[in-house]
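Count residues from 1 along the sequence.
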Amino acid sequence: MKTSNRREFLKKVALTGASALVAPGLLATEAIESTSFASIQKSDAGRLIIPKENGLKITGTFLDEISHDIPHQNWGEKEWDQDFRHMKNIGIDTVIMIRSGYRKFVTYPSKYLLGRGCYMPSVDLVDMYLRLAEKYQMKFYFGLYDSGKYWDTGDLSWEIEDNKYVIDEVWNQYGEKYKSFGGWYISGEISRKTKGAIDAFRAMGKQCKDVSGGLPTFISPWIDGKKAVMGTDKLTKEDAVSVQEHEREWNEIFDGIHEVVDACAFQDGHIDYDELDAFFTVNKKLADKYGMKCWTNAETFDRDMPINFLPIKFDKLRMKLEAAKRAGYDKAITFEFSHFMSPQSAYLQAGHLYDRYKEYFNIK
């Protein structure tokens with residue numbers, strides 16, 4: 001039937017009150033479409049051609065609300081509450097504020113940092129995260145302040161002085177108030193034997209543990225692999241660290257910090273996928289040697305693209321989590337759920353990654 005004739009027919013039917021003649025056909029069509037869609041949804045998860053649940057589940061995530069190199073999503077407590085529900089749904093039990101401040105932007109009204117010229121935040125994010133962590137029965141790790149001086153000079157010891165005051169201030173203001181305050185993240189990121197790194201990690205880690213009665217601390221360095229190219233216009237580099245060099249340098253670092261740093265979560269995005277097993281095996285060996293927990297920072301953004309930063313392809317994340325499980329890692333955390341994996345992220349692809357992850361791990 002031509003479109004114009006069909007329209008005329010429907011119009012006449014409506015005018016004569018014979019809608020009952022049409023309704024069954026329309027309802028049948030809708031029912032078929034609904035049934036087909038439901039069947040696709042139900043069967044879609046079964047179309048994976050690789051074994052399911054073969055990787056280490058993500059049980060922790062960073063919270064990046066400073067957002068100096070990824071876009072700020074401008075969420076309020078309503079959106080954050082919803083995000084914590086999404087996290088809880090897939091088994092996340094640990095949230096880590098990646099840093100309490102970066103240069104002049106801070107996450108809480110720190111008297112010390114405001115006195116040093118930092119900007120007043122509109123919301124106390126530390127208090128909000130601690131309340132939400134308690135509501136959803138999660139542990140919150142506090143990320144230390146990053147003045148930016150390390151990035152400017154290459155000397156991590158610059159970060160000790162400000163954090164002397166921040167650590168005490170935060171523990172007095174929040175640590176004794178909230179049971180969800182579960183540990184500390186020493187936020188200085190290094191990749192190799194770095195000037196001042198051992199002394200800085202040791203000084204800040206010791207103070208964190210001393211003021212909090214021994215709460216756990218961790219670091220999240222990166223492996224200086226072929227994709228460690230931030231600040232360049234390249235996707236890979238030729239002078240990547242070898243597995244042997246990585247082991248030698250991190251053996252020295254762990255030897256100097258293991259008494260005050262409880263876990264190390266190497267970022268997994270700077271090496272290629274066929275290098276994961278070799279580096280992960282070394283990381284676990286070193287952590288075991290020094291009595292430290294071996295975590296992985298399973299990055300959920302893609303370092304293989306010229307656009308910074310977009311949600312990662314599911315297969316890439318899957319391969320990294322499977323390698324972590326093969327190596328016997330203790331925990332998988334990610335940078336970072338809210339931007340790159342959340343159903344309410346500004347990136348549409350993030351919600352799809354969330355769905356693929358749930359299918360792979362059989363999460364309803």
Side-chain angles (χ1 to χ4, degrees), residues 40-62 64 69-70 83 86-87 89-92 220 222-230 234-237 240 243 265-284 294-364:
I40 290 171
Q41 282 188 312
K42 189 175 181 180
S43 64
D44 190 49
R47 295 181 182 176
L48 292 176
I49 60 173
I50 42 86
K52 287 186 176 185
E53 300 186 80
N54 213 25
L56 188 62
K57 278 188 177 179
I58 294 171
T59 55
T61 181
F62 283 104
D64 186 1
D69 57 0
I70 53 176
D83 224 46
H86 290 314
M87 295 175 199
N89 186 46
I90 62 168
I92 287 176
S220 186
W222 78 89
I223 300 167
D224 196 25
K226 63 177 68 175
K227 290 188 274 186
V229 291
M230 285 296 293
K234 299 178 180 179
L235 289 177
T236 61
K237 66 177 186 179
V243 176
F266 279 105
Q267 301 167 29
D268 68 3
H270 296 87
I271 54 177
D272 219 337
Y273 305 98
D274 56 6
E275 299 177 303
L276 291 167
D277 286 303
F279 280 97
F280 281 16
T281 299
V282 164
N283 294 343
K284 185 65 167 72
C294 190
W295 297 359
T296 187
N297 180 354
E299 294 177 339
T300 35
F301 67 92
D302 204 328
R303 290 189 180 273
D304 302 330
M305 300 181 66
I307 303 170
N308 296 332
F309 296 99
L310 297 175
I312 199 168
K313 177 180 178 178
F314 169 70
D315 272 338
K316 295 178 180 179
L317 176 61
R318 174 183 61 80
M319 287 191 287
K320 296 191 296 182
L321 295 175
E322 288 173 351
K325 187 172 183 178
R326 285 194 297 271
Y329 274 28
D330 299 295
K331 188 178 183 70
I333 63 175
T334 185
F335 183 85
E336 146 296 334
F337 179 89
S338 298
H339 280 87
F340 307 117
M341 200 173 174
S342 170
Q344 62 173 4
S345 167
Y347 298 115
L348 182 64
Q349 309 97 316
H352 298 321
L353 179 60
Y354 184 80
D355 290 339
R356 302 293 81 73
Y357 179 90
K358 286 173 64 180
E359 290 167 358
Y360 175 72
F361 281 108
N362 284 315
I363 300 170
K364 303 301 181 187

Would you say [X] and [Y] make side-chain contact, with heavy atoms under 4.5 Å?
X    : Y    : value
F337 : D83  : yes
K57  : Y357 : yes
F335 : S220 : no
E299 : Q267 : yes
I90  : I58  : no
L353 : I312 : yes
L310 : F301 : no
L276 : I271 : yes

L321 CG to N54 CG distance, which is reported to the nearest 0.5 Å: 11.0 Å
Nearest-0.5 Å distance, CG of residue D268 to CG of residue L317: 8.0 Å
Using every non-hydrogen atom in the two residues, find where [X] and [Y] come nearest and quote the distance to one decimal.
X    : Y    : result
F361 : G55  : CE2-O, 3.4 Å
A327 : K284 : O-CG, 3.4 Å
M305 : N308 : O-OD1, 4.3 Å
E322 : P51  : OE2-O, 4.4 Å
R303 : G269 : CD-O, 3.1 Å
N297 : A265 : CB-O, 3.7 Å

Donor-acceptor contact below 3.5 Å, side chain T281 vs main chain D277: yes
Sidechain-backbone polar pair: Y347 side chain, S342 backbone, donor-acceptor under 3.5 Å: no
Chi angles and distances behind the salt bridge (charged side-chain N to carboxylate O under 4.0 Å, His left out) call for R356, E359: CA-CA 5 Å; R356 302 293 81 73; E359 290 167 358; 2.8 Å; yes
The single option from I333, T59, T61 passing side-chain contact (heavy atoms from CB on, under 4.5 Å) against I92: T61
Side chains of [X] and [Y]: do they bring a donor and an acceptor to under 3.5 Å?
X    : Y    : value
N362 : K52  : yes
T334 : T300 : yes
E336 : H339 : yes

Y273 six-ring centre to K227 NZ/CZ under 6.0 Å and within 45° of normal: yes
Carboxylate-amine/guanidinium contact K316 D304, below 4.0 Å: yes
Charged N-O contact under 4.0 Å between R318 and D315: yes
Verdict with reasoning, T296 to K320, per side chain to side chain contact (heavy atoms under 4.5 Å, CB included): CA-CA 9 Å; T296 187; K320 296 191 296 182; over 6 Å; no
Residue pair F309, F340: steps toward the ring pair (Phe, Tyr, Trp, His ring centres under 6.0 Å) verdict: CA-CA 9 Å; F309 296 99; F340 307 117; 7.1 Å; no
Partner of Y329 under ring pair (Phe, Tyr, Trp, His ring centres under 6.0 Å), chosen from W295, F280, F266, F279: F280
